[in-house]
Amino acid sequence: QVQLVESGGGLVQVGGSLRLSCTGTGPTFTAYTLAWFRQAPGKEREFVAAFRSDGGRKYYSDSVKGRFTVSRGNARNTVVLEMNSLLPEDTAIYSCAVGPIIVEPAIPSQSGYTNWGLGTQVTVSS
């Protein structure tokens with residue numbers, strides 16, 4: 001069973017930065033799609049960004065494009081989400097999820113991901 005653990009959340013002021021990491025343990029996919037989703041209080045969980053291991057393709061929601069960067073981390077089985085120019089509306093629990101290679105139109109959909117982390121809280125204060 002693949003297990004995912006997020007780290008790096010915390011409290012930051014508007015305009016600040018945070019770096020989230022997602023580390024996978026156990027059996028790992030040879031080829032995979034790893035995504036970040038977030039859920040703010042009272043709202044549906046929404047797609048944030050994704051990294052596909054075949055060719056290193058990256059995908060972003062319109063709300064974070066240009067501010068967030070997803071990449072493979074230096075440590076094995078780790079994917080990093082660099083978040084810059086944070087806004088109060090970025091406040092949420094951020095969770096990572098992994099699945100096999102997912103076709104592009106389906107990447108923002110939660111249904112393609114088979115394993116999820118518990119999440120890490122990000123709070124942006126104004």
Side-chain angles (χ1 to χ4, degrees):
Q1 179 82 6
V2 175
Q3 292 188 326
L4 301 177
V5 178
E6 303 93 342
S7 61
L11 174 64
V12 65
Q13 291 188 330
V14 169
S17 300
L18 280 175
R19 184 175 186 266
L20 305 184
S21 293
C22 176
T23 301
T25 60
T28 54
F29 294 97
T30 302
Y32 61 87
T33 304
L34 190 137
W36 288 94
F37 289 80
R38 67 185 182 186
Q39 187 167 21
K43 295 191 175 181
E44 299 280 327
R45 184 156 55 185
E46 64 174 0
F47 170 77
V48 175
F51 173 89
R52 225 170 71 173
S53 66
D54 59 326
R57 295 185 180 187
K58 303 174 184 181
Y59 307 86
Y60 300 96
S61 67
D62 288 342
S63 62
V64 306
K65 200 172 293 182
R67 300 188 297 123
F68 290 13
T69 302
V70 64
S71 61
R72 198 194 309 265
N74 292 330
R76 190 168 177 265
N77 296 335
T78 297
V79 174
V80 171
L81 183 68
E82 299 273 3
M83 307 187 297
N84 298 310
S85 302
L86 284 161
L87 303 169
E89 49 264 44
D90 294 319
T91 295
I93 296 174
Y94 284 70
S95 302
C96 61
V98 69
I101 294 297
I102 298 173
V103 296
E104 290 187 7
I107 282 178
S109 172
Q110 299 176 49
S111 61
Y113 300 92
T114 56
N115 299 85
W116 291 76
L118 295 179
T120 185
Q121 176 71 47
V122 171
T123 303
V124 184
S125 64
S126 56

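The analysis underlying the following values was restricted to heavy atoms, covering all of them including side chains, and did not include hydrogens, waters or symmetry mates.
Contact of the S7 side chain with the T120 side chain is not registered, since no non-hydrogen atoms from C-beta on lie closer than 4.5 Å. Proximity of L11 to S125: side-chain heavy atoms (C-beta onward) are separated by under 4.5 Å at one or more points. The shortest side-chain heavy-atom distance between I102 and R52 does not fall under the 4.5 Å cut-off. Between T25 and N77, every side-chain heavy-atom pair lies at or beyond the 4.5 Å cut-off. Two residues are said to be in side-chain contact when any heavy atoms from C-beta on lie closer than 4.5 Å; C22 and L34 meet this criterion. At a threshold of 4.5 Å between non-hydrogen side-chain atoms, the residues V122 and V124 count as touching. With a 4.5 Å cut-off on side-chain heavy atoms, Q1 and N115 count as touching. Looking at E6 and L20, their side chains never come closer than 4.5 Å, going by heavy atoms from C-beta outward.
Between E46 atom CD and Q110 atom CD the span is 10.0 Å, to the nearest 0.5 Å. Note that the OG atom of S126 and the CD atom of E89 stand 10.0 Å from one another [nearest 0.5 Å]. The CZ atom of F37 sits 9.5 Å away from the OG atom of S95 when rounded to the nearest 0.5 Å. The structure places CZ of R38 at 12.0 Å from CD of Q121, a figure rounded to the nearest 0.5 Å. Going from atom CG of L4 over to atom OH of Y113 covers 12.0 Å, rounded to the nearest 0.5 Å.
A side-chain donor-acceptor contact under 3.5 Å links E104 and Y59. Looking at T123 and T91, their side chains never bring a donor and an acceptor atom within 3.5 Å of each other. Side-chain contact check for S17 and N84: at least one donor-acceptor pair (N or O, by modelled atom type) lies under 3.5 Å.
With ring centers used as reference points, F68 lies 6.0 Å or more from W36.
A tilted orientation is assigned to the rings of F51 and Y32, their planes being inclined by 30° to 60°.
Listed by chain and number, the residues in a side chain to side chain contact (heavy atoms under 4.5 Å, CB included) with R67 are V64, S85, L87, D90 (sequence neighbours excluded).
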